[in-house]
Amino acid sequence: MATATTTDRHMIEGTTNPSALAVAHANFALIKYWGKRDVALNLPDVGSISITLEALWTKTRVTLDTTLADDAFELDGRSDADAARRVSGTLAQMRKMAGVETRARIVSCNNFPTGAGLASSASGFAALVTALDCALSLGLSPARLSELARMGSGSAARSIYGGFAEMQRGGRVDGSDSVAHALHERDFWALEVVIAVSDRRRKAVGSTEGMLRTARTSPFYSAWVENQALDLALARRAIAQRDFEALADVSEASALAMHGLAMSARPGLLYFNATTMECLHRVRALRARGIAVFFTVDAGPQVKAVCLPAHADEVADALADVAGVGEVLRSGLGPGAHCLRSCPELDSEPIA
Ligand code: 2P0
């Protein structure tokens with residue numbers, strides 16, 4: 001994983017305002033993460049397997065500034081107190097690792113809607129820890145960055161890697177083995193993703209709250225956890241063999257099981273809207289006609305259709321045609337999080 005080079009580090013040593021700009025790409029799970037074994041450390045109760053997307057990204061610039069009395073956080077051009085609270089733990093921890101107390105100015109932007117089931121917290125925390133690693137000259141390993149990203153948001157652990165990534169449940173109480181690792185680089189299998197966006201608003205019930213409610217109240221939660229090892233093994237094998245049909249079957253099963261589980265919480269969680277359901281039927285109808293496509297849905301109404309590149313135009317046209325779909329995004333598989341630049345002049349430059 002690219003972090004600051006030695007030259008970059010020399011450039012920032014001795015400057016009063018070390019600054020670094022990092023990019024991380026959103027990912028979404030084919031085998032879903034839903035449930036926590038430890039809330040304080042944010043440890044997942046199940047492993048997960050994801051793909052990282054080229055077209056959806058967060059860029060984050062961190063500037064250490066000795067004149068600041070407190071950390072400042074700006075997201076998409078606005079000061080964001082909620083987001084600032086969410087990132088404060090990550091900042092404190094990484095500052096401690098570097099042995100510095102200097103406050104940071106963080107400017108972040110997403111090129112896609114925030115908090116709408118498009119994995120903005122995944123790319124957000126992965127970009128943050130990567131930028132902090134560069135700005136603080138920590139030189140951490142991808143596994144360590146994955147662990148730090150996970151503490152901010154479980155899915156962020158996977159966005160450290162490009163292509164196909166697997167998040168391990170882990171078993172240690174300190175969470176040091178609850179990290180993601182790379183399964184395959186993005187060029188291993190050129191999948192494409194078509195995303196049907198039907199609602200850009202923030203979801204009513206966030207993932208963390210939804211997971212906790214599900215674990216507390218669903219009568220089916222233990223069955224979900226027990227079944228996960230099988231789905232992970234099936235997906236690992238399907239990806240390794242580039243077996244599209246097998247990956248389609250297990251991915252759709254995992255997405256539907258996650259939503260069925262969430263619906264079985266009390267009160268039940270409904271992330272689908274009517275357009276979501278129509279898109280799922282449309283994808284199934286395409287597959288019945290021999291088009292290599294399958295769906296997945298996260299904690300929001302957007303439908304992600306994964307397909308072979310030869311079929312992407314047809315899939316995009318079919319989903320754009322569904323009533324209620326306002327926008328169709330397309331993406332290939334993307335790279336892991338990396339530092340773009342690391343120098344003091346960045347502080348005054350626009351980041352997007
Ligand atoms: C996933 N999701 O595997 C699952 C499927 C949404 C549905 O991980 O509480 O923002 O911060 O660890 O990572 C979204 O939840 O949750 C998520 P936290 P996160 O992608």
Side-chain angles (χ1 to χ4, degrees), residues 24-53 56 58 82-83 85-87 89-90 110 112-129 146-161 164-170 175 178-180 183 193 195 202-216 224-225 228 231-232 235 250-263 265 269-272 276 295-304 306:
H25 294 256
N27 77 77
F28 62 79
L30 302 180
I31 304 303
K32 300 297 186 189
Y33 152 50
W34 199 254
K36 298 175 193 287
R37 67 181 172 95
D38 183 296
V39 178
L41 290 172
N42 203 29
L43 306 181
D45 215 357
V46 290
S48 52
I49 289 178
S50 62
I51 50 178
T52 300
L53 302 190
L56 274 57
T58 300
D82 282 349
R85 263 191 300 281
R86 263 194 99 178
V87 304
T90 307
N110 295 325
F112 61 98
T114 300
L118 288 170
S120 53
S121 65
S123 52
F125 273 98
L128 177 69
V129 300
S146 178
E147 185 183 358
L148 287 160
R150 185 214 70 227
M151 293 177 201
S153 187
S155 52
R158 302 182 309 231
S159 271
I160 297 297
Y161 304 95
F164 301 79
E166 176 164 359
M167 174 75 192
Q168 295 157 201
R169 176 191 188 273
S178 289
V179 297
L183 279 180
V193 178
I195 305 175
R202 276 180 186 266
K203 56 199 162 217
V205 181
S207 300
T208 302
E209 187 190 337
M211 288 184 206
L212 298 185
R213 186 191 300 176
T214 306
R216 211 173 48 241
W224 158 258
V225 172
Q228 191 76 344
D231 283 353
L232 288 166
V250 72
S251 299
E252 289 193 354
S254 180
L256 292 175
M258 187 207 98
H259 284 277
L261 178 75
M263 286 181 203
L269 296 155
L270 292 173
Y271 289 112
F272 289 9
T276 311
F295 62 71
T296 189
V297 188
D298 292 298
Q302 335 306 350
V303 172
K304 290 113 180 186
V306 181

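Position 1 is the first residue of the sequence; numbering continues from there. Reckoned from all heavy atoms, side chains included, excluding hydrogens, waters and symmetry mates. Both ligands and their constituent atoms are indexed starting at 1 by order of listing.
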### Per-ligand residue contacts, ligand 1, heavy-atom threshold under 4.0 Å
A29, K32, Y33, W34, K36, N42, R86, S121, S153, G154, S155, R158, S207, T208, M211, M258, D298, A299

### Parallel, tilted or perpendicular, as decided by the 30° and 60° cut-offs, for the rings of Y271 and H259
perpendicular

### Task
List the atom of R86, the atom of S121, and the distance in Å for their closest heavy-atom pair.
NH1-CB, 4.0 Å

### Query
CZ of F125 to CG of L148: how many Å apart, nearest 0.5 Å?
11.0 Å

### Query
Between T52 and R158, is any side-chain donor less than 3.5 angstrom from a side-chain acceptor?
no

### Query
Side chains of S178 and R37: do they bring a donor and an acceptor to under 3.5 Å?
yes

### Side-chain H-bond candidate by donor/acceptor type, S254 with D231, under 3.5 Å
no

